[in-house]
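Working notes, structure below.
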Amino acid sequence: RVSPDVAGFEWGKQNKDPSPHAPGYLPTHAEKVQMLLSDRFLGFFLVPSDNIWNYNFQGVKHSSNMTTVYNLGNPRPYYHEIHRPAHFLNFSAMERDEPASLADLEDPFA
């Protein structure tokens, strides 16, 4: 884990360039620190109010200009249906367009 030092914090406050290679950043602006994993310290998650945090299944719906409201809570699992609504709409479209009588059924007694 990396933690910013005072010089890195000051540079971050003054930096207005959101690119990954912003001018003026130095590797000395942060120091490596030990990360402590323990069951003694309890934490919390900030999740979006609409519970959608995984935009990997939604195409180009994510934008850097998005604004959202966060609430305390537990995030939904990675493959939760709320993250992939188009996936389930495909199933409903299949049921609507193809009647059950046209399904390929295998007759085990034939």
Side-chain angles (χ1 to χ4, degrees):
R1 179 171 176 201
V2 178
S3 176
D5 60 7
V6 176
F9 184 74
E10 292 299 324
W11 175 85
K13 283 193 332 187
Q14 297 171 0
N15 179 39
K16 302 297 181 206
D17 186 2
S19 69
H21 303 291
Y25 175 77
L26 299 173
T28 57
H29 284 159
E31 61 182 80
K32 290 186 177 185
V33 295
Q34 181 180 2
M35 187 169 151
L36 178 64
L37 297 176
S38 172
D39 59 350
R40 293 183 184 196
F41 302 105
L42 299 177
F44 60 90
F45 292 100
L46 288 174
V47 295
S49 59
D50 61 359
N51 288 323
I52 300 174
W53 61 266
N54 182 2
Y55 287 92
N56 287 328
F57 301 110
Q58 297 188 23
V60 191
K61 204 169 181 183
H62 184 267
S63 159
S64 61
N65 298 327
M66 292 174 68
T67 58
T68 186
V69 176
Y70 292 99
N71 297 325
L72 290 177
N74 290 324
R76 303 285 176 147
Y78 186 82
Y79 288 108
H80 193 273
E81 58 266 14
I82 198 168
H83 302 308
R84 44 196 182 115
H87 176 81
F88 294 98
L89 289 175
N90 289 342
F91 286 122
S92 65
M94 282 178 14
E95 290 176 359
R96 183 186 65 234
D97 297 339
E98 297 178 14
S101 62
L102 297 178
D104 293 334
L105 299 176
E106 197 172 307
D107 187 1
F109 300 109

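When each of I52, L46, V47 is paired with P75, the side chain to side chain contact (heavy atoms under 4.5 Å, CB included) condition holds for V47 and for no other.
When every heavy atom of E31 is checked against every heavy atom of D5, the shortest pair comes out as OE1-CB, 4.3 Å. Shortest non-hydrogen contact noted between P48 and Y70 is N-CD2, 3.7 Å. When all heavy atoms of D17 and P23 are compared, the closest pair comes out as OD2-CD, 3.2 Å.
Residues passing the side-chain contact (heavy atoms from CB on, under 4.5 Å) test with T28, sequence neighbours excluded: L26.
Counting only distance, with no hydrogens or angles, the side chain of W53 and the backbone of R76 share a donor-acceptor pair below 3.5 Å.
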